[in-house]
> 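What follows is a single structure, and I will ask about it in a moment.
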Amino acid sequence: MVQAGRSGGYWRSVRDLPKRTPLRVKLITALLALVAVALLVISVAGIGILRNDLLGPFDTQLSANANTATVAVGHYLALGSQGSQPGEGVALDWIAAGKIHQIVQPTAGAFGSGGFGSNGFTPTRPMAGPELPTSSSWLAAHSGSFITVHAQQGGGRWRVLLQSAQFNTPTGTVSGTVALAVPVSSVYTTIGQLATIDFFVSVILLVGLLVIGFAVVRRSLRPLTDIEQTAGAIAAGDLSRRVPERDPRTEVGRLGRSLN
């Protein structure tokens, strides 16, 4: 019974909180909430549009090379090729029977030791390819669509086009999924930078709005404080007190005139 009483008192206190909250706090809180929602919507919409624009060329590149990738996988299976061929900035995998066969190993140019030339430039180095699930249900659900996945290591991102395919091999017909991928880490780095800028700008804007809003609301509600003090003095017996006259077109002005 005691526990139930405490619980009821707590929720009653929560329900009555708006009644105990000063008007200036309600106004400032409502203003900040509306601005915060507007900033969030603008940021999410802007980042979404930017993301689609930046990924568009990569999706076009994947679509243009989809048939070539399928042919390459067919040759790989027909010839029984082992190992992977290096590919500059592209990865090609064949996923079948719950296993990933790497057809084209992704590589990229980089500066580093062990290269050739006076500046030590290495034309190609291995890259961490896309991390792809091998579940048949997942592959079927994303077949024919563009998706973004994490790299196998290093925190990079890859844009992947998955295509279901069947091939005739010396051992029979095999079914699986062709995965053609290109790196898009730069896109998500740009998006992350924009999101960080949006966050800090929003925080600065909300803090500035809080300070300005508090000052404006406090000054706007100062006549109510005068009316409160005057009403208290009149209730105490000082009938000579009057509220300063204000514009009768405002609520505060009409209230002061009525009190006087």
Side-chain angles (χ1 to χ4, degrees), residues 51-117 120-192:
R51 174 183 175 276
N52 292 335
D53 288 343
L54 294 179
L55 290 177
F58 293 98
D59 293 347
T60 301
Q61 178 185 352
L62 290 173
S63 296
N65 291 277
N67 292 333
T68 302
T70 302
V71 171
V73 172
H75 288 168
Y76 169 86
L77 296 175
L79 299 176
S81 176
Q82 299 296 324
S84 58
Q85 303 172 353
E88 190 77 21
V90 63
L92 177 59
D93 296 338
W94 167 248
I95 308 173
K99 185 178 179 180
I100 297 178
H101 303 265
Q102 191 175 58
I103 311 302
V104 174
Q105 176 185 358
T107 59
F111 285 97
S113 60
F116 57 85
F121 179 73
T122 304
T124 58
R125 62 182 172 86
M127 293 177 63
E131 183 178 7
L132 296 170
T134 58
S135 168
S136 58
S137 59
W138 185 90
L139 294 173
H142 295 89
S143 178
S145 60
F146 301 98
I147 58 173
T148 301
V149 298
H150 289 278
Q152 295 173 356
Q153 59 184 5
R157 300 287 186 93
W158 287 81
R159 191 69 168 170
V160 184
L161 173 60
L162 299 174
Q163 302 176 98
S164 298
Q166 281 188 339
F167 298 99
N168 295 320
T169 68
T171 58
T173 301
V174 294
S175 300
T177 301
V178 177
L180 178 63
V182 290
V184 291
S185 300
S186 59
V187 171
Y188 286 89
T189 298
T190 301
I191 292 175

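Small disclaimer: the values here were computed from a predicted structure and weren't measured. Nothing fancy with the numbering, it's 1 onward along the sequence.
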> Decide side chain to side chain contact (heavy atoms under 4.5 Å, CB included) for Leu55 and Tyr188; before the verdict, give the C-alpha distance in whole Å, the side-chain angles of both, and the deciding distance to 0.1 Å.
CA-CA 10 Å; Leu55 290 177; Tyr188 286 89; 3.8 Å; yes
> Heavy-atom distance under 4.5 Å between the side chains of Trp94 and Val178, does that happen here?
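In contact.
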> For the pair Glu131 and Val149, evaluate side chain to side chain contact (heavy atoms under 4.5 Å, CB included) and give the outcome as yes or no after the intermediate values.
CA-CA 6 Å; Glu131 183 178 7; Val149 298; 5.6 Å; no
> Kindly determine whether Ile191 and Val187 satisfy side chain to side chain contact (heavy atoms under 4.5 Å, CB included), including the steps that lead there.
CA-CA 6 Å; Ile191 292 175; Val187 171; 3.9 Å; yes
> How close do Pro57 and Leu54 get, heavy atom to heavy atom, and via which atoms?
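The answer is CD-O, 3.4 Å.
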> State the CD-CG distance between Gln102 and Leu92, to the nearest 0.5 angstrom.
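So the CD of Gln102 and the CG of Leu92 are separated by 9.5 Å.
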> For residues Pro133 and Leu139, report the shortest heavy-atom separation together with the two atoms involved.
O-CD2, 3.7 Å
> Nearest 0.5 angstrom please: Ile95 CD1 to Ser136 OG, how far?
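Taking CD1 in Ile95 and OG in Ser136, the distance rounds to 11.5 Å.
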> Name the orientation class of the two ring planes belonging to His101 and Tyr76 (parallel below 30°, tilted from 30 to 60°, perpendicular beyond 60°).
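Taking Tyr76 first and then His101, their aromatic rings sit tilted (interplane angle of 30° to 60°).
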> Quick check for you: to the nearest 0.5 Å, what is the distance between Asn65 atom CG and Leu180 atom CG?
6.5 Å
> Any idea which heavy atoms bring Gly176 and Ala96 closest together, and the distance?
CA-CB, 4.3 Å
> Which atom names give the shortest non-hydrogen contact between Ile103 and Ala72, and what distance separates them?
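Closest pair (atom of Ile103, atom of Ala72, distance): CG2-O, 4.5 Å.
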> Can you tell me how far CZ of Phe58 sits from OG of Ser63, rounded to the nearest 0.5 angstrom?
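Taking OG in Ser63 and CZ in Phe58, the distance rounds to 13.5 Å.
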> So with a 6.0 Å cut-off around NE2 of His150, is the heavy-atom count from everything else above 12?
no
> Listed by chain and number, what are the side chain to side chain donor-acceptor pair (under 3.5 Å) partners of Ser175, not counting sequence neighbours?
Gln166
> Which distance, rounded to the nearest 0.5 Å, do you find between the CG of Leu77 and the CZ of Phe167?
6.0 Å
> How far apart are the closest heavy atoms of Val182 and Trp158, and which atoms are they?
C-CE3, 3.2 Å
> Tell me whether Asp53 at atom CG has more than 12 heavy atoms from other residues, nucleotides or ligands lying less than 6.0 Å away.
yes
> If only atom types and distance count, is the side chain of Thr177 paired as donor or acceptor with the main-chain N or O of Gln163 below 3.5 Å?
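Here the side-chain-to-backbone pair does not exist.
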> Can you find a side-chain donor-acceptor pair between Arg159 and Thr148 that sits under 3.5 Å?
yes
> Can you name the nearest heavy-atom pair linking Pro183 to Gly89, along with the distance?
CD-O, 3.1 Å
